[in-house]
Amino acid sequence: MSEFEPKIITILCNWCTYGAADLAGVSRFQYPPNIRVIRVPCSGRVSPKMILSAFHNGADGVWISGCHPGDCHYITGNYYARRKFMLLKNFLEYNGIEPGRIHFSWISSAEGVKFAEVARDVVESVRQLGPAKYFIKKELDDNDLCSCLNKSNPDNNLAKNILEEQAA
Amino acid sequence: MTMNINQSDINKKQIDIINQQYTEKIRESAKKVLLEKKVDVVIGFKNGTEPMTTEPCLINKASDADKLIWNEHCRLNLANYVKGRKDKAAVVAKGCDSRNLVNHIIEHQIKRENLYIIGVPCNGMVDKSLNLKELKVEAESDTMQENLDLFPINRDMLQDNCKTCIKRNPVIFDEMIAEPVKEREWTKEEKLKESFESVNKIEAMAESDRWSFFNDMLSSCTRCYACRNACPLCYCPTCFVDESRPQWVGKGTDLIDVRTYHFLRAFHCAGRCTDCGACEAACPMNIKVRLFTKKLDKECFENFGWEAGMSLDERPPLDVYKVNDNANFIR
Ligand code: SF4
Ligand code: SF4
Ligand code: SF4
């Protein structure tokens, strides 16, 4: 077995997949500790800036998850997001990023089991690819990862960026 | 392979005559709309300070109309100079400029009633790097006319985007200065194969080769932002490259920052780019930045049947959705 433990930045919508992550935790479903969760209001809030920023800061993979089509809290946010995500995925791959580095899913807040399952698959798929090779600006410090939404951690670039932008 | 337009059929003499006719008609229309007070400003091209270059030119007096010209070096996109204008403007527009005017209208950057479009049927633009390199024009050549004598347009000399142009006549106009030119009719398959040939080649490479291909391509980029500034699509009050809190992309020529800049610039043009080539025409380093935007053009064409700027009645692909859009990449 290789020693490599991938670091995965996970961007979850507040209303569905974040709830699913909660449920998975409460229900004691096992999933690997490689994922670092960032909560956003809607999958439609995700911008390509965030994905590249994750890679800049040392993520080995990115996983984005929101509500099933038709279940969006804002009615249509994830429908718009779906078109953007397709272009984003294909454009990342065109730039040279390997297909298994970026993942998308729809997981409702009742699907704790699916959350744990997809988390395992995402981590495995990134583990197979090995450490990130492209778009890296700095190695991700383990301190950065304790809590991605920990505002008080001044080194936490990605979380800081997102928080600052939301405040602006 | 059927080619309806064969640029080599248009010989040098014809080009001279066309340029002269176009120039006269443009001046005439400019005078007319200014004298009739239909518009406050006319936006066209004038001769540049170097051979084989032109510059955008804004005139507001009929007596200045004789500054305006037309030739095969009008590579920039004049739709770039109307965004956000509150006065009434006349714009000299070839096919691609008019498609960007459509973009502006549907993106609410300008009002149709504030525009007077002087439509130019386009015979294509000469590639700037090619003609400088291959024709070895002396910098001190004195007049444009002398230089123009050197240039019959044949297909090999056209800039890349003109070779695959889908709309040489303006989409919308208030007057046309000449009879429309013949458009090339593409089937979907032809377009996917030929128009996106450069993209297809890159897609066929291995991942790591694609990564290094773009690294090489961008190694000379100086981050001057000419490609952004020449593009009519870029009008954000604060561009992401200037955002400092947070700073999503570093300012220097660090290769990752350069890659990030080009990635995001192209992504912001997704579903909007008309492949007008102004970005490449403006790049001082001759970087083929359209290789990025063209990939997203291809995605939008393949998946949403979309070609930007062709209709005032359709919303751009990222502004709409279908319940049954492709979802096979989502768990
Ligand atoms: S893209 Fe088409 S309309 Fe634009 S300059 Fe080239 S040939 Fe003319
Ligand atoms: S990205 Fe380039 S080709 Fe596309 S609209 Fe802008 S200037 Fe024209
Ligand atoms: S115009 Fe050319 S050199 Fe300048 S930022 Fe764009 S690609 Fe780089």
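Every value quoted in this text rests on a predicted model; they were computed, and no experiment measured them. Residue numbering restarts at 1 for every chain, and letters A, B, ... go by the order of the sequence lines.
Only the side chain of B:Asn303 comes within contact range of chain A, with heavy atoms under 4.5 Å apart. Contact annotation for B:Asp254: only side-chain heavy atoms (C-beta onward) come within less than 4.5 Å of a heavy atom of chain A. Only the backbone of B:Asn324 comes within contact range of chain A, judged by heavy atoms closer than 4.5 Å. Contact of B:Phe214 with chain A is made through the side chain alone, with heavy-atom distances under 4.5 Å. In this structure, chain B has heavy atoms under 4.5 Å from both the backbone and the side chain of A:Pro48.
Distance CG/A:Leu52 to CZ/B:Phe263: 5.0 Å, rounded to 0.5 Å.
Nearest heavy atom pair, residue B:Lys295 against residue A:Asn90, reads CE-O, 3.9 Å. The two atoms that bring B:Val320 and A:Arg83 nearest to each other are O-CD, 3.3 Å, heavy atoms only. When all heavy atoms of B:Cys300 and A:Leu87 are compared, the closest pair comes out as SG-CD1, 4.1 Å. Across all their heavy atoms, B:Asn326 and A:Met86 have their closest contact at ND2-SD, 3.2 Å.
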ask   = Do B:Arg259 and A:Asn95 pass the side-chain hydrogen bond (donor to acceptor under 3.5 Å, both in side chains) test, and can you show the C-alpha distance, the side-chain angles, and the key distance before you say yes or no?
value = CA-CA 9 Å; B:Arg259 293 291 305 258; A:Asn95 271 262; 3.1 Å; yes
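B:Phe292 and A:Phe91 have perpendicular rings, their planes meeting at more than 60° on a 0 to 90° scale where under 30° would count as parallel.
You'll find the ring centres of B:Trp211 and A:Phe135 inside the 6.0 Å limit.
Between B:Arg331 and A:Glu117 there is a salt bridge, since at least one side-chain N of the basic residue sits less than 4.0 Å from a carboxylate O of the acidic one.
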